Each structure stands twice: as C-alpha cells, then as structure tokens.
Amino acid sequence: MARYLLGRLTAVVLLLAAICLFTYFIFFSLSADPAVSICGKTCTPERIDSIRDTLGLNEPLLTQFWHFVSGLFAGRDYGTGATAIRCEAPCFGYSFQTNESVWHMMTGRLPVSVTVTVGAAVLWLLIGVGAGLLGAVKQGTWWDRASMTLALGGVAVPNYVLALVLQYFLVVRFQILPFPSAVSFSADPFLWFQSYLMPWTVLALVYASMYARLTRANVIDTLSENFLRTARAKGISRPLLLRRHALRPSLTPVVTVFGMDFAGLLGGALITEKVFGLNGIGKMAADSIAKNDQPVIMAVTLLAAFFAVFGNVIVDLLYSALDPRVRTTSP
Amino acid sequence: MSTPRKDSTAGTATAVAAATPAATSASGGNADLLVVEDLCVSLPSHGGSRQLVKDISFTVGENETVALVGESGSGKSLTSLALMGLLPRGAGVSGSVRLRGRELLNLSDGALRSVRGNEVAMVFQDPLSSLNPYYTVGLQIEEAYLAHEKGGRAAARRVAVEAMERVGIPDAARRVRHYPHQFSGGQRQRITIAMALVCSPSLLIADEPTTALDVTVQAEILRLLAELQEHTGNGMIFITHDLAVVAGLAQRVLVMRSGSCVEYAEAERLFSDPRHPYTSALLDSVPRMDDDIGDLKSLQVPSHASPHVPGEGADR
C-alpha cells in the first residue's frame, strides 16, 4: 500500500510539473506583452523597459520558467538592489491588474469556493442518490417516472437560467431571501446561510439530476445480480436487503464520479459564482481571463489541476476502501 | 398431443417402499415434508403471459432427495424459485405447495420471508456471483442466522464459524473475516451451503450446485451435501441437467421438458427402465466410460413429445 501510494504521488508530481510547463508556455509565449498591459495607457518606452527588467521578461523563456518554478517553492525577488520586491514562497507573482499578490488572492477566495462546493455536494448527494434509489426500487411506477423526468429537466436546463429564475422568484418577486452578500459565517450565521442557499441549490440541482440517473441505473443493475437473489433467499428484511446488498455496490461508481466533480468544483464554479456575485476562485478565473492577467490565469489553472489530480488519487484510495476486491490480494 | 407419463404420487411412494425398505425406515415412515401439486408458473411476455411450468407435482419426504432433471430452459429453476416465492414481479403461480401441511403459495410477504432461509433454504448455481463481493463471508452467513434467530452478533459469529467448519473450510475462525474473492470456487460453494444450513432448514433446494465447478470439486460438494443430509435429515430438491450426478444421490427423479413433467419415477427404475423416449434420450446423451468413442449424441426425441417450442432459459 505504501509502495503504491509512493508511486501514485510520484506520478502526480510529474503530472503537475508537466501541466505547469505546458500552461506557462501557452500563456507566456502566445499572449500579448505583459509589460505593455501592466504599463497601461499612459506609457513610455523607458517605463516598459524597466517593467520588463523587473519581471525578468528579457531573459530566455526557459530561464523565466525556472524563476517561476523556483519562486513557487523558494520565493523570488523582482528587480535588483534597493528597489527589489521580495515575493515569499509560494510565489505566484503579482496581478497585472491590481498588483495584489496572487497567492493572497487565492487564499482569500478559496474559502468561498470551498463553501459553495461542500454545501452543494451535500445537497446533491442527498437529493441525487435518494431520488435514484427511489426510482430504482419503485421502478416503472409513478414515483420513478416523476423523479426521472425531473432529473432529465435538471440536466437539460443550464444552471445560469435556473440561477436567474430562482433569483427572480425568491429575491425579487417574493423576497423570501436577501440578495447574496459576502458575509462571513462568524459575523451572521443566518445571513451567511441564506446567502449561500441559492448557489448551493442551483449547483446541486444540476449535479443531483446526473447522480439520480446514475444511481438509478446502478441500483437496477445490482438488483438483478445473483447475490441479491441469494440474500433474498436467506429471508432478510427488505430494508436491510436494499441498504446492504443493493445500495453499497451501486455507490462505488457514484463515488468515482463524485470525486471528480467535487475536485472540479473546488477549482471554481465559474458560472454560478459569476451569476451570484460570489468572490470565489471561479470568478477570479473568469476575471483574469477577461483581462489577460497572466499570473492569475497561471495560478487558477494550476490550482484547478492540483485539485483534479489529487481528487483522482483520493477517489482511488476511497475505491479501495469501498471495494474489498481492490483492497486485498489472495489470502 | 400426447400426455406425458406421470406416476401418481402414491404409486411412487409404494414403489420406493417396495424397492428400498431400508431407506424408508430411516426417514421415519416417510412423512411427506413437501407436497407440490399441479404447480404452474407463468411469466409476462410481450403483452401476454406465457406458461413456463405446467402441472408439476411431486413430494419430498424427510431425509429424502428428489432430483429435478431437464435441459436448460425446461423450467427446473423456475419451479424451485416458485417454491421459495422468489419469482420475478408479475409472475403468475397456481397449484399448491405445502410444507408440513402449510400452504406456501398464498402466504404474505412477511410470512414467506420467515420461511425462506429458515425452513426452506437454497443453494444456487454459480458460487462466484451468488456471494456479495462487498462483504465478508462471515457477515453473509451471520445475516442468514440473524434474519430468523434471536441472538446477538457474537452468537451469530459463533454459529458462522461452526457452519464453516461443518462444511469443511479449514481455519474457519480466521477465514470468516475474509471476502468471497479470497476463496476458491469450491470453497465458495461450501460457504453458500453453510449459509443455507445455518438455520437448520427442513428442506434444502440445491439449484445446479455443482455446474460451475470442476469435476473433482463437484464430487466433493455432492459428498458434502449427502453427509449433511445424513446428519440433519433434511429433505432435498436437487436440480441438475446432469443425469450422471443424480444417479447416486436421489431417491426419485422428475424429468422435465418445456415446463412439463415427462417422467416421475423412483431413481433406480428410471435408470434401468426409462419409460419415456425423452428420458432414454437424456440417458443416452450422457457419455459413458465403457462406450466406444463415437459422436456425442444430441437429444433427438419424437416431436410429439414436445408440447411447444422450449421457452427462453429460466436460468440466466
């Protein structure tokens, strides 16, 4: 197990390094001159030169990349002598737009993304797996058809449409909820909950629809397994039969998908954050792309890659915890 | 259409008594444990329903083994599932199944559940897929016990270990914590047998229990079933397509084809003097060691012996 983990982690590090290299070269070699975009509209050639010098843009691309990578782990200095700016590790540089440390921007916004993701995940797992199980157990009945029709609708409706519709009815029309605001949990727990309720719901409904369909299909598959017939022949009660013998084997594929979805959302729920004005990683990514803010683009890309890759490792570990056949070899 | 020959139940019982008096006295006067009369099973198909088992009647006494023999799709497995009330939803059953005089076909779900695994237990065909891969074999044996007996986890664990020892799994105390994939095919079948026996059922239905196993393991499992029966005196319904397996095991044989009973007779007589052409064809199809090596025989039976085209296979 330790050996396996070591191998996996090595692969992860190599993969992240490759992603880092690839992204760096794409963004820094293909897009406009950063010095020009930092300098702004009222700019002199001397000023551009000095910016290029400070950022090290006159050096060969590979040297620049090396500075970027070593900055991540050891920090780096921009410029030389008395005017040098020290950027502590992990150094992702400074935003071209706001001059803010990118690392600080990320750490400030990550909690928002985590809150959105975790809340939505709890909701969509409850709704999705519940509806899927109901559909499978009551297969062919009115319950089944109703929940699957809703699920189909949930997949089909884009989440920004759903977000706007919800906002219109809950906030504008009937004023049940306040407009989402950036309030911390410690300041006002109730307002915090109300603010996040809509983003959670919108994200959750989209995912819940997919999970309902996935769970239903898996449970129906499992119900036709031979070991289910054996369990029934033992005379165990129906709730136990469903919970122990039908649900658990059906959930393994759901866990796999869940890990990937969860990790993906941690890297930013772009549309949802934008629509609800949440200051998360997703909004940061959207803004940085719109303004060609390269250090930020670089950072959010790496962050998303980091979550995706580690999400995958965690899914593998979970899988071996869930399925004994993966866990153990022969006696 | 010809009527398949059917010995009357009473006639067969006397025949058995006359032929093997020792067996009769061992079973304590041969009180009928299970009486099946005119059992019919139909399954929904293409908007209608299709009768896949027709008028099957037989009896099983205590300490007695009755074999149901036939090709795939002949309705043997459906018959056994009907006895257990395990037919798929929408299946129609008629006739009568009485266990110790109690009618099983009209029991409520709850009452039926207390019969299943408790009074009637079942061993299935494929030991690879009939155990849940996600749970230890110990837990799966324990839940069979806990479904019907009062007693805690600890008692159940003790019973599970004992049951595994009884079916010949070495080092049972340690191996109860292992998962199905850590056992060989033969061992897994032993475990499903242990699972079936944990509540001391009075009737054991073995549905092709040796089909998925290789020949040497087959013999071991058959010996195990016979030994256990000798010990507990349970009645047994043994379902197989392999007449060779039946020979040393069953007292009576019911040959099925296309859902109907073709011949129902005491085993010795069936082997020495098959009365129905289908039975002889079945017997001929078994390769024998002392035969000349020729072509394998396929079943060729006069078409009038087949009431209708064989349905889709009951065992998938």
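Small disclaimer: the values here were computed from a predicted structure and weren't measured. Convention: sequence-line order gives letters A, B, ...; per-chain numbering from 1.
- More than 12 heavy atoms of other residues, nucleotides or ligands sit less than 6.0 Å from atom CG of B:D214.
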Step by step, would you call A:R244 with B:L139 a side chain to side chain contact (heavy atoms under 4.5 Å, CB included)? CA-CA 11 Å; A:R244 190 181 275 169; B:L139 184 132; 3.6 Å; yes

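- Residue contact with chain B, scored on non-hydrogen atoms closer than 4.5 Å, involves the side chain of A:T252 exclusively.
- Shortest non-hydrogen contact noted between A:L322 and B:Y134 is O-CD2, 3.4 Å.
- In terms of heavy-atom pairs under 4.5 Å with chain A, the best-connected choice from B:P201, B:S129, B:A147, B:G117 is B:S129.
- At a heavy-atom separation below 4.5 angstrom, chain B is approached by A:R229, A:T230, A:R232, A:A233, A:K234, A:G235, A:I236, A:S237, A:R238, A:L240 within residues 229-241 of chain A.
- Neither the backbone nor the side chain of B:A121 comes within less than 4.5 Å of any heavy atom in chain A.
- Among pairs with a residue in residues 220-257 of chain A, those fulfilling ring pair (Phe, Tyr, Trp, His ring centres under 6.0 Å) read A:H245-B:Y135, at least two apart in sequence or across chains.
- Note on B:L112, B:L131, B:V123: by heavy-atom pairs under 4.5 Å with chain A, the leading option is B:L131.
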